[in-house]
Amino acid sequence: MNPNQMAVQEAARFMQEHDRFLVLSHVSPDGDATGSALGVVLMLEQLGKEYVVVNEGETPIKFNFLPRFDRLYNLRKQPLNETFGAVIAVDCADESRMGDVRSLFASGAALLNIDHHPTNDHFGTVNLVRPDAAATAEILFDVAEAAGVSFNEELALCIYTGLLTDTGGFRYSNTSPRVMEIAARLLGYGVKPGDVAERCLEEITFAHVKVLRRALQTLQLSHQNLIASITVSAADFAEVGAEREDAGGLVNYCRNIEGVEVGVSFVEAEPGVVKVSMRARDRVDVAVIAKQLGGGGHAKAAGCTIKGPLSEVQQKVWTVLDDAVGVKFDE
């Protein structure tokens with residue numbers, strides 16, 4: 001049995017040995033985080049376990065087609081007085097990505113950390129971290145098999161959603177033969193790929209269109225056209241009546257410009273708190289950059305959250321990117 005298989009078995013035992021769990025994903029959850037958290041919930045139900053599934057803030061409503069979505073606690077609006085001795089964290093690149101949910105951990109809590117980010121700092125009591133996996137959902141597929149859980153349409157839908165979203169609709173370079181094999185198996189349980197793609201990748205809110213219109217007015221090329229960036233301020237959100245999730249995907253408009261090596265979006269959903277997202281082509285490892293700025297992620301997709309005025313945050317990012325691309329910032 002190789003180390004990966006041993007780690008999967010250990011994760012399955014963790015689920016089998018405890019009785020009541022706190023399940024969580026990272027702040028500002030995406031499709032892999034949400035699909036994986038709800039996938040864990042479905043596995044625990046089959047194992048006869050109790051659970052509470054929590055996120056620090058709001059989970060994007062576009063994922064409400066996933067089973068048990070209505071069980072997700074928003075800790076900002078639904079405080080909990082309970083603490084938990086067994087915790088399962090999915091898709092969290094480091095401990096800070098769990099956010100305020102950490103306040104629900106009992107002293108000495110056992111924590112199962114399931115993740116695929118190369119920047120993961122192995123913060124768990126049990127760590128199942130596989131940077132070779134395209135998504136945390138890919139790892140959960142193996143855990144489900146090891147735990148003796150039966151696959152059905154609900155569990156398949158959660159795992160498929162994680163795979164679909166973290167591979168960009170099976171378009172990114174992390175789309176391996178194994179990812180496609182797993183996806184094909186999941187379709188056999190009744191998952192409707194067109195419906196999932198429509199909800200997760202195609203459908204947008206009108207508020208997103210209004211934010212996009214504002215954001216594109218700020219689009220700029222710098223560093224001899226190697227970097228493109230876009231900015232949305234807290235005032236923009238307020239003026240168009242949008243929420244944080246309505247700014248999702250803006251960074252791709254930057255990265256997709258011909259000749260650009262790194263796309264960056266600065267999204268200030270609340271005054272003084274800026275979410276920085278980065279997407280790269282080939283020359284730059286943005287996971288390294290994000291880690292320097294207190295975040296994490298993958299070589300071609302990473303991010304961080306920085307507190308401070310927008311202009312100061314942008315300057316911090318430009319300083320790090322200057323060294324990464326070997327060119328100083330220029331407008």
Under the rule for salt bridge (Lys or Arg N to Asp or Glu O under 4.0 Å), what residues qualify as partners of Asp132, not counting sequence neighbours?
Arg130
Are Leu201 and Leu157 connected into the same hydrophobic cluster when the rule is that any two of I, L, V, M, F, W, Y join if their side-chain heavy atoms are below 4.5 Å apart?
yes
Test side-chain contact (heavy atoms from CB on, under 4.5 Å) applied to Arg281 and Arg255, step by step:
CA-CA 8 Å; Arg281 288 190 191 273; Arg255 184 264 183 203; 3.5 Å; yes
Between the main-chain N or O of Asp322 and the side-chain N or O of Lys328, is there a donor-acceptor pair closer than 3.5 Å?
no
Is there a side-chain contact between Pro118 and His298 (heavy atoms, below 4.5 Å)?
yes
Return yes if a side-chain donor-acceptor contact under 3.5 Å exists between Thr59 and Asn55, otherwise no.
no
Would you say the side chain of Leu128 lies within less than 4.5 Å of the side chain of Asn113, judging by non-hydrogen atoms?
no
Do Met15 and Met43 have side chains that get closer than 4.5 Å, going by heavy atoms?
yes
Does a side chain donor of either Gln314 or Ser229 reach within less than 3.5 Å of an acceptor in the other side chain?
no
Rounding to 0.5 Å, atoms SG (Cys92) and CG (Asp115) come to a distance of 7.0 Å
When rounded to the nearest 0.5 Å, the distance separating CG of Asn152 from CG of Leu42 is 7.0 Å
d(Glu270 CD, Lys275 NZ) to nearest 0.5 Å is 12.5 Å
So, do Arg244 and Ser28 sit near enough that their side-chain heavy atoms are less than 4.5 Å apart?
yes
Verify whether one side chain among His26 and Asp91 offers a donor that lies under 3.5 Å from an acceptor in the other.
yes
Is the number of heavy atoms from other residues, nucleotides or ligands under 6.0 Å of Tyr253 OH greater than 12?
no
Heavy-atom side-chain contact between Tyr160 and Phe141 under 4.5 Å:
no
Can you list everything that forms a side-chain contact (heavy atoms from CB on, under 4.5 Å) with Met6? Sequence neighbours excluded, please.
Met1
Contact summary for Thr125 and Ala110, nearest pair of heavy atoms
OG1-CA, 3.5 Å
Please list all pairs passing the salt bridge (Lys or Arg N to Asp or Glu O under 4.0 Å) test where one or both residues lie in residues 258-267, with sequence neighbours left out.
none
Could you check if a side-chain atom of Leu226 sits within less than 4.5 angstrom of a side-chain atom of Val262, using non-hydrogen atoms only?
no
Consider only side-chain heavy atoms of I, L, V, M, F, W and Y, link residues closer than 4.5 Å, and tell whether Val284 and Val251 are in one cluster.
no
Salt bridge (Lys or Arg N to Asp or Glu O under 4.0 Å) contacts in which one or both residues fall within residues 39-56, not counting sequence neighbours:
Asp19-Lys49, Arg20-Glu50, Glu45-Arg68, Glu45-Arg71, Glu56-Arg76
Partner set under salt bridge (Lys or Arg N to Asp or Glu O under 4.0 Å) for Lys77, not counting sequence neighbours:
Glu58
Is it the case that the side chains of Asn256 and Arg279 hold a donor-acceptor pair, with the cut-off being a distance below 3.5 Å and no angle test?
no
Identify the heavy atoms of Thr83 and Ser103 that sit nearest to each other, and give their distance.
CG2-O, 4.4 Å
Can you see which heavy atom on Gly294 is nearest to which on Cys304, and at what distance?
C-CB, 4.3 Å
With sequence neighbours left out, what residues match Lys300 under salt bridge (Lys or Arg N to Asp or Glu O under 4.0 Å)?
Asp282
Side-chain contact test, heavy atoms from C-beta onward, threshold under 4.5 Å: evaluate it for Asp166 versus Asp30 and give yes or no.
yes
Answer yes or no: does atom CD of Gln292 have more than 12 heavy-atom neighbours from other residues, nucleotides or ligands under 6.0 Å?
yes
Shared ILVMFWY cluster between Val8 and Val23, side chains joined below 4.5 angstrom?
yes
Hydrophobic cluster identity match, Met278 and Val288, side-chain contacts under 4.5 Å:
no
Return the orientation label for the His18 and Phe21 ring planes: parallel under 30°, perpendicular over 60°, tilted otherwise.
perpendicular
Short question: side chain of Thr165, backbone of Asp32 - any donor-acceptor pair under 3.5 Å?
yes
For Glu239, which residues count as a salt bridge (Lys or Arg N to Asp or Glu O under 4.0 Å) partner, sequence neighbours excluded?
Arg214
Heavy atoms only: give me the nearest Val179-Leu163 pair and the separation to one decimal.
O-CD1, 4.3 Å
Show me the donor-acceptor pairs, under 3.5 Å and distance only, between side chains in residues 181-195 and residues at least two apart or in other chains.
from: Arg185; atom 1: NH1; to: Glu145; atom 2: OE2; distance (Å): 3.4
from: Arg185; atom 1: NH2; to: Glu145; atom 2: OE2; distance (Å): 3.1

Would you mind reporting whether Cys200 and Thr161 have side-chain heavy atoms less than 4.5 Å apart?
yes
side-chain contact (heavy atoms from CB on, under 4.5 Å) partners of Ala299, counting only residues at least two apart:
Asp285
Does Met180 belong to the same Ile/Leu/Val/Met/Phe/Trp/Tyr cluster as Phe151, with side-chain heavy atoms less than 4.5 Å apart forming each link?
yes
Shared-cluster residues of Leu80, by chain and number - hydrophobic side chains joined below 4.5 Å
Leu22, Leu24, Val52, Val54, Tyr73, Leu75, Phe84, Val87, Met98, Val101, Leu104, Phe105, Leu111, Phe123
Is a side-chain donor or acceptor of Ser36 paired with a backbone partner of Ala33 at a separation under 3.5 angstrom?
no
Taking side-chain contact (heavy atoms from CB on, under 4.5 Å) as the test, write out the residues that go with Ser233, two or more places apart.
Ala235, Asp236, Glu268, Leu310
Show your reasoning for whether side-chain contact (heavy atoms from CB on, under 4.5 Å) applies to Gln315 and Glu312.
CA-CA 5 Å; Gln315 188 56 55; Glu312 291 183 12; 5.6 Å; no
Nearest-0.5 Å distance that lies between atom OG1 in Thr319 and atom CG in Leu293
9.5 Å
Residues, nucleotides or ligands: over 12 heavy atoms within 6.0 Å of Gln224 CD
no
Val209: hydrophobic cluster co-members (side-chain, 4.5 Å)
Ile204, Phe206
Rounded to the nearest 0.5 Å, the CG atom of Leu72 sits from the CZ atom of Phe63 at a distance of 11.5 Å
